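This one's a predicted model, so the numbers in the text were calculated from it and none came from an experiment. Letters A, B, ... mirror the listed sequences (proteins, then strands); counts begin at 1.
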Amino acid sequence: MEIPKEYLPHESEDRWTAAWESAALFRADPGGAKAPFCMVIPPPNVTGNLHIGHVLVYTLHDVVARWRRMQGRDVLWLPGTDHAGIATQMVVERELAKEGKSRHDLGREAFVERVWEWKKRYGGRIVEQLRRLGASVDWSRERFTLDDGLSRAVRSVFVRLYQQGLIYRDRYIVNWCPRCHTALSDLETVHEPVPGKLYLVRYPSADGSFSIAVATTRPETMFGDVAVAVHPDDERYRDRVGKQVLLPLADRPIPVIADAFVEREFGTGAVKITPAHDPNDFEAGRRHGLPEVVAIDTSARMTAEAGDLAGLDRFEARARTVERLEARGLLLGVREHEHAVGHCQRCGTMIEPLVSHQWFVKIAPLAEPAIAAVERGDTRFVPETWAKTYFEWMRNIHDWCISRQLWWGHRIPAWYCDPCGTVVVAESDPEGCEGCGGPLRQDDDVLDTWFSSALWPFSTLGWPDDTEDLRRYYPTDVLITGFDIIFFWVARMMMMGLKFRDEVPFREVYIHGLVRDARGQKMSKSKGNTIDPQELQGRYGTDAVRLTMAILAAPGNDIPLAPERMEGYRAFCNKLWNASRFVLMRLGDAPPGAWSRERLSLVDRWILSRLDRVVGDVARALEEYRFDRAADALYHFVWGDFCDWYIELVKPDLAAGDADPARAETARAVLLDVLSTVLRAMHPFVPFLTEELWQKLPGDSRGYLAVASWPVSRGGDVDPEAESAVGMLQELVVKIRNLRAETRIDPARAVEVVIAPADEAGRRLVGEESARIASLVRASTVRCAALEPGAVAARGVARGFEIAIPLEGVLDIELERARLAKELSKIESELEARSRKLDNPSFLERAPREVVDKERVLHGELLEKRSGVRRTLAALSGGQAP
RNA sequence: GGGCGGUUAGCUCAGCGGUAGAGCGCCUGCCUUACACGCAGGAUGUCAUUGGUUCGAAUCCAGUACCGCCCACCA
């Protein structure tokens, strides 16, 4: 079989993606006998491109999915996309803008039609990218949040919550984006510090007897002022309460009121009350029965209340207002003042708090059971610390504004009869008004995108119908997502799942970190440090990208993505490829049968033992979502144990095939066994590479690796004796190599190595493994013998062995002496620390037995090593002295 | 203002009660017929700081100093 020296990912990726799909390997099988395992994908935005964060989260999902599938579970990983209301509407509006049109030019119906067209054209892009990542999702169950089924779920939930009084419509102050022209939830507004100014403005009393200085950051809103508030206990203003002041510029009389929400220490201790443009003031206004005077409109322009400033943009109006106040001597001072201001999450425009009619979810009654479920452990956060974040938010939750003044989304199922005022909220479109029979008008608004996302774990499985999928796969097993959407999504799914299914939507929530750039900076388009996954996949191969993601995903930590790191994992993929190539070349056309235990050599027993442990470690790590540990364990097993040691150790066996065919045959069988186990264990991380190699293994009707069984620890393979013996052998080999390097022996020169073992076990080890040792250290012979004190030789001491490489005439004795003296002092300082410990009676008395024992063993070994080095030094001197 | 997290080798990070680790980088040698995306050898750390608990602390506790992040209606 001809196998290229390099792994070339691309062709193999396309081939296996297609093969797996056409074999329908990832289709869930609800009718089968296997235990179910279900995850729903965090649905990407249809308009989106797969970014590096997606690659991380979907890689982790796929590792879990492939691993569970290979473990014999009936895995459903359900894919789908989100209509992403504002984001998608914005994309299409931008496209329209290029044609010089707005959505209003098209009208609602035509616009929505246009978005659907857009979705048809580009919505597949992200799906294709997901496919290219190797995501083993069940495409037959793909969902979209605006599908008929999901829309039905949305309506059903809305109606039920409405009927229970948990959804209500109210006139309330909300976060308004003057650019998107829609209300936003609190979560969709991001607070950012803005350098601003604090203006002190004098409000004179109506009768001219006094005046009150008021502090404000937004003087332009004063046209909406309806009062000035002070703290009820504030001595300075006590006798002003109840009197009238004249609103400057407008010359409108407004009352001075007392309210405890005023902070006496801030500014002047007096606040202007603008209920229509400030959430605090809105509440205060309601408490005091004050009117709402609208000074700013939905486009953030001044209304007629602002007199001749009407029509001006709010910032322009601010400048003018300040000018005028100053001109009239009413501006008492201006101070620099940085404060946090809400911005639209989507477009970055400064939020304008406005009063309008909106729909809300009364959230506290839903939050309560969702808090309790996590407290009970029905849903577990991994890492656990994220539960705190969840609780913190859930316990301070505010009602959720769910209506959006957009066109793309689930239209609110509420109808109004204008003549008689009846409101109909229903799952199916009503014919006419039940009261007067008149025509009904449907609410213009659509629902917050996250409303439908909140239902995702059950709406995708068929709810509100009682489907087989729903019964079988809900609750899902695990949700994997980023901390940035714990509130947006995780918390809301918890609430809705419990409300409508009486059961948490997922048993575990694994929260991953944020992918950052090599220097730990957050990736953002504006910083220009984003990395395109497609490009990475092209450069390093999808498997290398996936492996990097998994191995860097240490829980609770962000992921700094350095390209050099990825180069390393690409190299690993190539390493595995070449190790396989080696094995396959040695196997030839006649594949070995199964090995038998009695024929195993020491090193065979060792590698099988190591493998068994690693397989167990990996499974345990995956159970705990320690993707980093799992991948790291495999990485080091493959590169270290298997490639650096085992393959090198059995080369003599394979080469001596004619002399000892049975030995060679066993070695081949073990090589194949280890390789096939490694391929199976690594498949969840590097699916393409391993499938490609799996298919090259000898033997017929092997089937797909993607559905092969994940290795289970055989237990019986663990062999402490072999591990300890090979451990010594490794130390011996490393010491000999080190001697060669330190004494500058020509690397090509085959030397003679003489070893004096400390005991019989060591003697046997060297005797039996001399051929292997020789091959690893480039020796012509390796033999056990007492070391002659006088001989000129490079000398060293390993645990349990003294070593000499005879070198007549080539060795620099002084250099050797210095080297050994240095080694001796190192040993002595270590010995000192260790002796101190063993001399300490409290340690002997209080430390656990096994710790003390271990300490004694190590101490003994050190003593032995020291005397070995001393002997060696003496021998060297003996050699020098004539 | 509240909450959460970080500070370990030049860089990015693991480790979280019993001899300081990885990858990359660095230094020395090697094209040893699986692999130069490689092989072998090597150097490198008062584990932020101060105190405490412990036979023993990078690891647990408390304080301090810097860095992040999230939430929040001091205008």
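A:Arg778 meets the salt bridge (charged side-chain N to carboxylate O under 4.0 Å, His left out) test with no other residue; sequence neighbours excluded. Looking at residues two or more places apart in sequence or on another chain, you find no salt bridge (charged side-chain N to carboxylate O under 4.0 Å, His left out) involving A:Asp186.
Taking 4.0 angstrom as the limit, A:Arg570 places none of its side-chain polar atoms (N or O) nearer than this to OP1 or OP2 of B:C37. Between A:Lys651 and B:A34 there is a side-chain N or O to OP1 or OP2 distance below 4.0 Å. Contact annotation: A:Asn574 side-chain N/O to B:G38 OP1/OP2 distance is not under 4.0 Å.
B:G45 and B:G2 are spaced 41 Å apart, taking the P atom of each and rounding to whole Å. Distance check on atom C1': B:C47 versus B:C31 gives 41 Å, rounded to whole Å. One C1' atom belongs to B:U44, the other to B:C26, and the distance between them is 9 Å to the nearest Å. Rounded to a whole angstrom, the distance from the P atom of B:C37 to that of B:C70 is 41 Å. Annotation: B:A48 and B:G68 have their C1' atoms spaced 15 Å apart (nearest Å). Atom name C1', nucleotides B:A22 and B:A57: the rounded distance is 23 Å, in whole Å. Atom C1' of B:C73 sits at a distance of 47 Å from the matching atom of B:G17, rounded to the whole Å. For the P atoms, the distance linking B:C16 with B:U59 amounts to 13 Å, nearest Å.
Looking only at distances, no side-chain donor or acceptor of A:Arg819 sits under 3.5 Å from a matching main-chain atom of A:Leu739. Looking at A:Arg740, its side chain does come within 3.5 Å of a backbone N or O of A:Pro747 through a donor-acceptor pair. Remark: the backbone N or O of A:Asp281 is paired with a side-chain donor or acceptor of A:Asp278 at under 3.5 angstrom.
Within the nucleic acid shown, A:Cys573 has no heavy atom closer than 4.0 Å to any nucleic acid atom. In this structure, A:Ala562 reaches neither bases nor backbone, as no heavy-atom distance under 4.0 Å exists between it and the strands shown. When heavy atoms are screened at a 4.0 angstrom cut-off, A:Glu830 is found touching base atoms of the nucleic acid. Looking at heavy-atom distances under 4.0 Å, A:Pro848 makes contact with a base. Among the heavy atoms of the strands, none lies under 4.0 Å from A:Arg539. At the heavy-atom level, A:Ala741 lies under 4.0 Å from the strands shown only through sugar-phosphate atoms. Contact annotation for A:Asp644: backbone-only contact, meaning every heavy-atom pair under 4.0 Å involves sugar-phosphate atoms and none involves a base. Using a 4.0 Å heavy-atom distance criterion, A:Ser580 is classed as making no nucleic acid contact.
In this structure, the NZ atom of A:Lys837 is 6 Å from the P atom of B:U19, given to the nearest Å. The interatomic distance linking A:Ile559 (CD1) with B:G6 (C1') rounds to 16 Å, in whole Å. Protein atom CD of A:Glu850 is 10 Å distant from nucleotide atom C1' of B:G18, rounded to whole Å. For A:Arg749 and B:U32, the CZ to C1' distance is 17 Å, given to the nearest whole Å. Separating the CZ atom of A:Arg737 from the C1' atom of B:A40 is a distance of 6 Å, rounded to the nearest angstrom. For the pair A:Phe381 CZ and B:C4 P, the computed distance is 16 Å after rounding to whole Å. Atom-to-atom, NZ of A:Lys735 to C1' of B:G41 comes out at 11 Å; the value is rounded to the nearest Å. Distance, A:Asn396 CG to B:C4 P: 13 Å, rounded to whole Å.
Other residues, nucleotides and ligands contribute at most 12 non-hydrogen atoms within 6.0 Å of the CZ atom of A:Arg744.
When only modelled atom types and interatomic distance are considered, A:Lys272 and A:Thr274 share a side-chain donor-acceptor pair under 3.5 Å.
Between A:Arg395 atom CZ and A:Ile371 atom CD1 the span is 5.5 Å, to the nearest 0.5 Å.
Taking the six-membered ring where tryptophan is involved, the planes of A:Tyr635 and A:Trp639 are tilted, since the angle between them lies from 30° to 60°.
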Discussion item. Determine whether A:Tyr390 and A:Phe381 satisfy the following criterion, ring pair (Phe, Tyr, Trp, His ring centres under 6.0 Å), listing intermediate values before the conclusion.
Written reply: CA-CA 9 Å; A:Tyr390 170 86; A:Phe381 276 84; 5.2 Å; yes
Discussion item. A:Glu283 vs A:Arg286, test: salt bridge (Lys or Arg N to Asp or Glu O under 4.0 Å). Steps then yes/no.
Written reply: CA-CA 5 Å; A:Glu283 296 292 349; A:Arg286 284 211 166 170; over 6 Å; no
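Aromatic pair A:Phe627/A:Phe685: ring centres not closer than 6.0 Å. Under the 6.0 Å cut-off for aromatic ring centres, A:Phe360 and A:Tyr172 qualify, their centroids lying closer than that.
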Response to the item:
Protein heavy-atom contacts under 4.0 Å, written 5' to 3' over nucleotides 68-75 of chain B as B (base), S (sugar-phosphate only) or - (none), form the string --SS-BBB
Item to complete: Encode nucleotides 21-31 of chain B as B, S and - characters from 5' to 3', where the letter depends on protein heavy atoms closer than 4.0 Å: B to the base, S only to sugar-phosphate, - to neither.
Response: -SBS---SS--
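Among residue pairs with one or both ends in residues 544-569 of chain A, those qualifying as salt bridge (Lys or Arg N to Asp or Glu O under 4.0 Å) are A:Asp62-A:Arg546, A:Arg516-A:Asp558; sequence neighbours excluded.
Each of B:G38, B:A34, B:U12 was ranked by its minimum atom distance to the side chain of A:Glu648; first place goes to B:A34. The nucleotide whose nearest atom lies closest to any side-chain atom of A:Thr385 is, among B:G18, B:U19, B:G5, B:G5.
In RNA chain B, runs of at least 3 stacked Watson-Crick or G-U pairs (N1-N3 plus N6-O4 or O6-N4, or N1-O2 plus O6-N3, all under 3.5 Å) give these stems: B:1-7 with B:65-71, B:10-13 with B:21-24, B:26-30 with B:38-42, B:48-52 with B:60-64.
Along RNA chain B, the nucleotide nearest A:Asn578 and the nucleotide nearest A:Lys388 are compared for position; the residue whose nucleotide lies closer to the 5' end is A:Lys388.
For B:C37, its base never sits under 3.5 Å from the side chain of A:Lys575 at any donor and acceptor pair.
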